[in-house]
Amino acid sequence: MRFATWNVNSVKARLPRLLDWLEHTAPDVVCLQETKVGEDGFPADEVGELGYRTAAYGQGRWNGVALLSRVGVEDVRRGFPGEPGFPDPEARAVSAVCDGIRFMSVYVPNGRTPDDPHYLYKLEWLRVLRDVLAADLAAGPLVVAGDFNVAPADADVWDPAVFAGSTHVTPPERAAIAALRDLGLTDVPARAMKGDHPFTYWDYRAGMFHQNKGMRIDHVYASADLAAMVTDAVVDREARKGKGPSDHAPVVVDLKR
DNA sequence: ATGACGTTGCTTCAACGA
């Protein structure tokens, strides 16, 4: 089985690239984030022509997540119980069972700055997510993948000094991610296609991608049974190249069951 | 140098992103 996660930064703007990438990468399941479209506007017909069924959760202009699967989509859950809002709940998590595995696509709140209320929202969102995932883990095989908006270690940003005092690297954010790992979720480390740093995000501005000044903030966490079956995981930096890319690259995981 | 770039929408600039 091959699955992937990708923050597409608008599924409408990225549709031609998404369809091309689906054809060439041929994943069985895809976790999408920042679709920026309501459920009615999601291009389900277009991905359907490639054999994918869709479970979308969207709200329009901001956020939005989805699952694409060509191995079935059952028991779809939009959001999760007790999910915090800002102030209202946002479209940041969707999960479904695909071929016996529960996949959850997550778009963790950004946090903006450490002194912003959005930062406390981010930490609370991750805290409640942890409790939800504990229950999901008890129920069976689980993959939680998406844009976590946290760089778990200093090596996950191109220059730690630049990020001092910023979100994405603070100890409370890193502790919130570590708490997910402590549940028994295993970080599936993706290799870089080029260079030593498997970054998944590069700012559009100032040629950051071409200088490889990026961040590793998109992650795949898997239950231990699945993590043991992983045969390869890679950041598809090819998808970040060229005209009209997302600012995130997909992470593609292969596992042999 | 606190900028740069890209997407969205009750657009003609502001909000947001990380």
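In what follows, chains are A, B, ... by sequence order, proteins preceding strands, each numbered from 1.
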Identify whether any heavy atom of D218(A) sits under 4.0 Å from a base atom; if not, whether one sits that close to sugar-phosphate; answer base, sugar-phosphate or nothing. nothing
Does anything in residues 107-115 of chain A come within less than 4.0 Å of DNA chain B? Heavy atoms only, and list the residues if so. Y107(A), N110(A), R112(A)
K213(A) bridged to D203(A) by N-O distance under 4.0 Å: no
NZ of K122(A) versus P of dA18(B): gap in Å, rounded? 9 Å
Protein-nucleotide distance (W62(A), atom CH2; dG17(B), atom P), rounded to Å: 7 Å
Identify whether the distance between the nearest side-chain nitrogen and carboxylate oxygen of D136(A) and R77(A) falls below 4.0 Å. yes
Please work out which of the three classes, parallel, tilted or perpendicular, describes the rings of F199(A) and W202(A), given edges at 30° and 60°. perpendicular
Which sits closer to the 5' end of DNA chain B, H118(A) or R61(A), going by the nucleotide each is nearest to? R61(A)
Contact class for M208(A) (heavy atom, under 4.0 Å): base, sugar-phosphate, or nothing? nothing
With heavy atoms under 4.0 Å as the rule, sort T167(A) into base, sugar-phosphate or nothing. nothing
Among dA15(B), dT7(B), dA18(B), the nucleotide that comes nearest once only the side chain of S10(A) is considered: dT7(B)
Nearest to the side chain of Y204(A), heavy atoms from C-beta on, is which of dG6(B), dA18(B), dT8(B)? dG6(B)
Looking at the side chain of I217(A), which of dA18(B), dA15(B), dG17(B) is the nearest nucleotide? dA18(B)
